[in-house]
Amino acid sequence: MSQSLDAHQRPPIHLRNVYKKFQKLRGHDLQSDSDIIDLTRPASVNQLHVKRSLDSTITQPLFQTFLGADAEQSTPPSASVPVYEHPSMPGLHAIPSLFPPDVQKLLLSRLIHRDLSDQAHKTNVHMHYEVPYPSGHSFFSIAPSSEPVFLPKDPTVHKPLSINQFLGRKLRWVTLGGQYDWTEKLYPSTPPPPFPPDIGELLQGLYPEMRAEAAIVNFYTPGDTLSMHRDVSEECERGLVSISIGCDGIFVIGRNDESETDSSTVLAFRLRSGDAVYMSGESRFAWHGVPQVIPGTCPEWLKEWPARSANEEAEEPSPRYEQWRGWMQTKRINVNVRQMRE
Ligand code: OGA
Ligand code: MN
């Protein structure tokens, strides 16, 4: 199926219009728009049905294994969590607050301090710049005030970038495992670096129907968007897992029916830190995008990241990244995980 869909095709006009509407919504209109499905509001949840529930006997051991030695402060045992589906979007499964705060924080550290600083994992910045890896260290070990260290491949076109610009707005994605080429919209034929095993085990434990083979980690600052697209470069129809961390985002998804008109189904969700979305079945190849990331919505316990918050002082001797305190306050990170082939 995916092979017959063109990754370069333009989205239908009515979806582009809905996307534009949510891109422009601000303030009170954004908070009160009843078209936005907010998984924390009963009025929204009432429109959904509980497809299944994910029991804590499955989630807790996975979280404990992932946290490993970091588990002392321990995740409070959560009850089973509901998996929601909208009647007009079969296969799209949303789980609000699936990931507890300590799991989200450790996931961020693994993704950013460890995986982003692994040269095998390409970023959007690699296309035009030589990326200076701080050998074996996080990019956050570089002082924000340091001189520009990213040199352009073509100095007649691009100016050197500072670490502040790189971690500020220039870094838009890093790929793990299969190195998807967002520009060419394909997976290269050369063997990919191994998918980070700890993250793979966590996600496959939650979603045993898919193998975690490739991830796109998206970095958004309010004002950044992800335009409407379909993820059709995978050569199988396995589900896709999408995890949100940081600021809230509006996620728009429309059904893929070629005969559809203006009245066809489009849904908008407000996704929060810790939410998981699974795109499978009829929704797997649906048009979707992120028209807005909402400023001022990063959860309190995450705002100081990558610096440690007051109650984390015990964890010496891990690096403190004091100079980058508050970086996460203006970020939304999305981890978008796929199986490439059957
Ligand atoms: C993607 C994607 C959605 C999001 O990376 O392909 O659709 O919520 N991300 O950021
Ligand atoms: Mn996508």
Side-chain angles (χ1 to χ4, degrees), residues 2 5-11 15 18-19 22-23 36-39 89 91-96 98-99 104 107-108 111 121-124 171-187 199 203 210 212-234 236-256 266-294 297-298 330-340:
S2 58
L5 297 172
D6 177 4
H8 292 91
Q9 197 179 315
R10 286 257 279 163
L15 289 181
V18 171
Y19 179 93
F22 289 113
Q23 189 172 8
I36 299 176
I37 299 171
D38 181 333
L39 299 164
M89 199 67 67
L92 182 76
H93 299 162
I95 311 181
L98 172 59
F99 297 96
Q104 291 181 55
L107 184 55
L108 266 185
L111 289 169
H121 303 147
K122 295 296 175 245
T123 75
N124 64 300
L171 175 65
R172 292 304 313 276
W173 51 259
V174 59
T175 43
L176 312 180
Q179 296 293 294
Y180 186 68
D181 183 333
W182 262 105
T183 311
E184 299 299 326
K185 299 196 193 300
L186 49 80
Y187 289 99
I199 300 174
L203 298 180
M210 66 96 68
E213 292 181 335
I216 297 163
V217 182
N218 296 289
F219 295 78
Y220 301 86
T221 305
D224 293 337
T225 60
L226 180 61
S227 54
M228 294 296 277
H229 65 279
R230 299 177 296 185
D231 293 298
V232 295
S233 301
E234 294 73 29
C236 65
E237 298 184 16
R238 297 283 170 173
L240 177 161
V241 181
S242 170
I243 299 164
S244 299
I245 305 177
C247 291
D248 298 356
I250 303 294
F251 174 76
V252 171
I253 181 164
R255 290 187 71 174
N256 213 9
V266 190
L267 300 179
F269 290 83
R270 182 169 180 146
L271 298 179
R272 289 188 162 77
S273 201
D275 292 356
V277 167
Y278 188 60
M279 296 169 71
S280 68
E282 283 181 52
S283 86
R284 172 61 181 82
F285 300 112
W287 289 100
H288 62 281
V290 179
Q292 191 175 162
V293 169
I294 308 172
T297 54
C298 180
T330 56
K331 289 290 170 194
R332 172 176 185 262
I333 314 281
N334 171 258
V335 193
N336 213 268
V337 186
R338 307 100 190 269
Q339 177 170 338
M340 292 184 287

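As the structure lists them, so they are numbered: ligands from 1, and atoms in each ligand from 1. Counting begins at 1 with the first residue of the sequence.
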Give the atom numbers and elements of ligand 1 that come within less than 4.0 Å of a heavy atom of [X].
X	answer
Asp231	6 (O)
Asn336	1 (C), 2 (C), 3 (C), 5 (O), 6 (O), 7 (O), 9 (N)
Arg338	1 (C), 5 (O), 6 (O)
Val290	3 (C), 4 (C), 8 (O), 10 (O)

Is His288 close to ligand 1, meaning an N/O of one under 3.5 Å from an N/O of the other? yes
Only one of Ile294, Val293, Leu271 passes side chain to side chain contact (heavy atoms under 4.5 Å, CB included) with Ile250, and that residue is Ile294
Nearest-0.5 Å distance that lies between atom CD in Gln292 and atom SG in Cys247: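 The CD atom of Gln292 sits 11.0 Å away from the SG atom of Cys247.
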Please examine the side chains of [Y] and [X], heavy atoms only from C-beta on, and report whether any two atoms are closer than 4.5 Å.
X	Y	answer
Ser242	Met279	no
Leu176	Leu111	yes
Ser227	Tyr19	yes

Which residue and atom name correspond to the protein heavy atom nearest [atom], and how close is it?
atom	answer
atom 3 (C) of ligand 1	Asn334 OD1, 3.7 Å
atom 5 (O) of ligand 1	Asn218 ND2, 2.8 Å
atom 10 (O) of ligand 1	Tyr220 OH, 2.6 Å
atom 8 (O) of ligand 1	Arg332 NH2, 2.8 Å

Passes side chain to side chain contact (heavy atoms under 4.5 Å, CB included), Phe219 versus Asp224? Steps please. CA-CA 9 Å; Phe219 295 78; Asp224 293 337; over 6 Å; no
Sequence-distant partners of Arg272, salt bridge (Lys or Arg N to Asp or Glu O under 4.0 Å), two or more places apart: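 Only Asp38, Asp248 meet the salt bridge (Lys or Arg N to Asp or Glu O under 4.0 Å) criterion with Arg272.
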What residues form a salt bridge (Lys or Arg N to Asp or Glu O under 4.0 Å) with Asp181, not counting sequence neighbours?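 Asp181 satisfies salt bridge (Lys or Arg N to Asp or Glu O under 4.0 Å) with no other residue.
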Could you walk me through whether Thr225 and Val290 pass the side chain to side chain contact (heavy atoms under 4.5 Å, CB included) test, one step at a time? CA-CA 5 Å; Thr225 60; Val290 179; 5.9 Å; no
Report yes or no: does a heavy atom of Met228 sit under 4.0 Å from some atom of ligand 1?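 Judged by the 4.0 Å heavy-atom criterion, Met228 does not count as contacting ligand 1.
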Report the part of Val277 in contact with ligand 1, treating N, CA, C, O as backbone and CB onward as side chain, heavy atoms under 4.0 Å; options are side chain, backbone, both, neither. neither
I need the contact type for Met279 against ligand 1. Using non-hydrogen atoms and a strict under-4.0 Å cut-off, is it side chain, backbone, both or neither?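 Under 4.0 Å from ligand 1, Met279 contributes no heavy atoms.
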Work out the angle at the Mn ion (ligand 2) between NE2 of His229 and OD2 of Asp231, rounded to 10°. 110°
